[in-house]
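Everything below concerns the one structure shown next.
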Amino acid sequence: MCGRTSCHLPREVLARACAYRDRQGHQRLPEWRDPDRYCPSYNKSPRSSSPVLLSRLHLEKDADSSERIIAPMRWGLVPYWFKEADLSKLQINTSNCRSDTIMEKRSFKVPLVNGRRCVVLADGFYEWQRRQATSHRQPYFIYFPQSEQVGAVASPEDWEKVWDNWRPLTMAGIFDCWEPPAGGDCLYSYSIITVDSCKVLNDIHNRMPAILDGEEAVSKWLDFGEVPAQEALKLIRPTENIAFHRVSSVVNSSWNNAPECVLPLHLLAGKELTVSASSQKMLQWLATKSPKKEEPRTPQKAEPDVPQWSSQFLQKSPVTPKRGSAGLLERWLKQGQEEEPVAKRPHTQ
């Protein structure tokens with residue numbers, strides 16, 4: 001499964017990292033659609049928005065299907081057939097889509113058959129490993145191997161430098177276009193396709209996102225005008241080209257959005273807290289709290305509405321959650337006792 005990601009790179013950096021060659025062999029950058037709607041975050045959960053790549057042909061009639069758009073979409077596919085105006089009444093979980101049942105469920109089959117394939121971008125994703133004989137879950141940050149060896153990083157300051165040439169994770173997804181019952185622009189939303197875990201990740205979790213490793217795989221998945229669905233599905237398989245490291249339990253709460261979410265755990269060794277016995281018990285409870293049981297919470301920086309584009313080509317198909325106390329308790333317990341956190345990487349506007 002994939003229930004939490006990080007995508008904090010500035011939008012210009014993210015676009016450069018997604019450079020590609022079009023059908024004529026020209027080097028290009030994907031064009032942003034609604035760039036102001038992109039909200040970088042170290043801790044994204046379903047119902048938030050994330051940047052995805054898709055073919056320009058989805059949004060512009062007669063466009064070259066090899067050309068790419070990069071745009072924020074809602075995480076959690078809203079099927080075209082959903083009739084309620086209130087999205088909270090959607091009773092099915094569509095944040096992930098299993099590869100082995102994708103052709104069995106109408107919510108996923110129809111977008112796939114109609115060529116609505118996308119690539120979900122992220123720094124990486126998080127997964128929680130259950131410790132045997134305990135209730136503790138150890139979070140991991142999982143990503144592509146990088147040109148700069150992450151394992152060799154010796155300080156939080158050096159860690160900031162690894163983002164300069166970071167290779168984003170490219171996950172296969174499908175999206176749909178939902179029209180509100182009362183009318184108005186379509187809402188675009190997506191689901192991440194998942195597969196059985198590769199051998200190296202199997203001890204952490206038995207499922208992982210379907211990762212498209214390399215430009216050829218990304219190009220074939222996006223170019224629905226040239227590559228039919230059955231051919232594209234051959235790209236959906238586990239990859240062993242993956243790296244990971246342990247991270248702090250601060251990521252357990254989706255309310256927390258800070259560099260510490262992705263920082264290797266050994267670099268936080270100097271930030272250990274000295275607290276009372278009762279406070280230590282509370283921190284221990286926060287660390288073992290299962291992230292899977294949490295409702296998505298409003299992030300620190302409210303994300304704007306996800307894009308609702310008017311598309312000439314996509315044919316029309318027939319309560320903010322209450323802020324939880326866990327994040328508040330954790331910050332209260334740490335107040336005045338923890339070193340200054342690593343400064344956030346500035347977000348280019």
**Asked** Where do Arg237 and Asp213 land on the salt bridge (charged side-chain N to carboxylate O under 4.0 Å, His left out) test, with the steps shown first?
**Response** CA-CA 10 Å; Arg237 56 181 181 269; Asp213 188 2; over 6 Å; no

Could you list the residues that satisfy ring-ring contact (aromatic ring centres under 6.0 Å, His included) with [X], not counting sequence neighbours?
X      : value
Tyr20  : none
Phe141 : Tyr126, Tyr143, His245
Phe144 : none
Trp32  : Tyr38

Polar contact flag, side-chain donor to acceptor under 3.5 angstrom, [X]-[Y]:
X      : Y      : result
Trp163 : Asp123 : no
Thr239 : Asn241 : no
Asn252 : Ser249 : no
Ser65  : Asp223 : yes

Is there a side-chain contact between [X] and [Y] in this structure, where contact means two heavy atoms from C-beta onward sitting under 4.5 Å apart?
X      : Y      : value
Tyr140 : Leu201 : no
Val52  : Ile70  : no
Leu9   : Leu121 : no
Phe108 : Thr94  : yes
Asn202 : Val200 : no
Met208 : Pro238 : yes
Pro209 : Phe125 : yes
Ser41  : Thr5   : no

Can you give me the closest heavy-atom contact between [X] and [Y], atom names plus distance?
X      : Y      : answer
Cys2   : Ile192 : SG-CD1, 4.0 Å
Leu169 : Ile142 : CD2-O, 4.1 Å
Leu57  : Asp62  : CD1-N, 3.9 Å
Val78  : Ser189 : N-OG, 2.7 Å
Leu112 : Ala229 : O-CB, 3.9 Å
Gly173 : Trp221 : O-NE1, 3.3 Å

**Message:** Please determine whether side chain to side chain contact (heavy atoms under 4.5 Å, CB included) holds for the pair Glu67 and Glu60, giving the CA-CA distance in whole Å, both sets of side-chain angles, and the decisive distance to 0.1 Å.
**Reply:** CA-CA 11 Å; Glu67 295 182 11; Glu60 299 175 16; over 6 Å; no

**Worked verdict on Gln138 versus Ile204 for side chain to side chain contact (heavy atoms under 4.5 Å, CB included)** = CA-CA 9 Å; Gln138 173 61 55; Ile204 299 176; over 6 Å; no

**Message:** Checking the side chain of Ser155 only, and the main-chain atoms of Asp158 only, is there a donor and an acceptor separated by less than 3.5 Å?
**Reply:**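 At least one qualifying donor-acceptor pair exists.
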
**Prompt:** Counting only N and O atoms by type, is there a donor-acceptor contact under 3.5 Å from the side chain of Arg4 to the main-chain atoms of Val251?
**Reply:**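 Yes, because the side chain of Arg4 sits within donor-acceptor range (under 3.5 Å) of the backbone of Val251.
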
First locate atom [atom1] of [X], then atom [atom2] of [Y], and finally report the distance between them rounded to the nearest 0.5 Å.
X      : Y      : atom1 : atom2 : result
Met171 : Leu53  : CE    : CG    : 11.0 Å
Arg116 : Tyr80  : CZ    : OH    : 9.5 Å
Leu77  : Leu90  : CG    : CG    : 9.0 Å
Leu235 : Arg117 : CG    : CZ    : 8.0 Å
Ser48  : Asn43  : OG    : CG    : 9.0 Å
Ser66  : Asp22  : OG    : CG    : 5.0 Å

If two hydrophobic side chains count as joined below 4.5 Å and joins carry through other members, does [X] share a cluster with [Y]?
X      : Y      : value
Tyr188 : Val113 : yes
Val195 : Met103 : yes
Phe175 : Val227 : no

Between [Y] and [X], is the closest basic N to carboxylate O distance under 4.0 Å?
X      : Y      : result
Asp86  : Lys89  : no
Arg130 : Asp203 : no
Glu216 : Lys220 : yes
Lys83  : Glu179 : no

**Asked** CZ of Arg167: more than 12 outside heavy atoms within 6.0 angstrom?
**Response**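 Check passes, neighbour count above 12.
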
**Request:** Take atom CD of Gln27 as the centre, draw a 6.0 Å sphere, and report whether it contains more than 12 heavy atoms from other residues, nucleotides or ligands.
**Result:**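 Check passes, neighbour count above 12.
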
**Request:** Apply the test side chain to side chain contact (heavy atoms under 4.5 Å, CB included) to residues Ser55 and Ile69: give CA-CA distance (whole Å), side-chain angles for both, the deciding distance (0.1 Å), then the verdict.
**Result:** CA-CA 6 Å; Ser55 169; Ile69 296 290; over 6 Å; no

**Asked** Could you walk me through whether Ser197 and Arg207 pass the side chain to side chain donor-acceptor pair (under 3.5 Å) check?
**Response** CA-CA 5 Å; Ser197 280; Arg207 301 289 295 177; over 6 Å; no

**Asked** Who passes salt bridge (Lys or Arg N to Asp or Glu O under 4.0 Å) against Glu240, sequence neighbours left out?
**Response**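 So Glu240 forms no salt bridge (Lys or Arg N to Asp or Glu O under 4.0 Å) with any residue.
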
**Message:** With side chain to side chain contact (heavy atoms under 4.5 Å, CB included) as the criterion, how do Arg68 and Val119 come out once you've worked through the C-alpha distance, each side chain's angles and the decisive distance to 0.1 Å?
**Reply:** CA-CA 10 Å; Arg68 301 175 190 177; Val119 173; over 6 Å; no

**Prompt:** Is Arg106 positioned over the aromatic face of Trp81, cation under 6.0 angstrom from the ring centre and no more than 45 degrees off axis?
**Reply:**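 Satisfied, under 6.0 Å and within 45°.
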
**Message:** Give me each pair satisfying salt bridge (charged side-chain N to carboxylate O under 4.0 Å, His left out) with a member in residues 92-103, each pair once, sequence neighbours excluded.
**Reply:**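 Passing the test, one end in residues 92-103: Arg98-Asp100.
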
**Item:** Aromatic ring proximity His58/Phe224, centre distance under 6.0 Å
**Value:**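 Ring centroids of His58 and Phe224 are less than 6.0 Å from each other.
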
**Test log, rule salt bridge (charged side-chain N to carboxylate O under 4.0 Å, His left out), inputs Arg21 and Glu215** = CA-CA 9 Å; Arg21 292 190 181 276; Glu215 171 57 24; over 6 Å; no

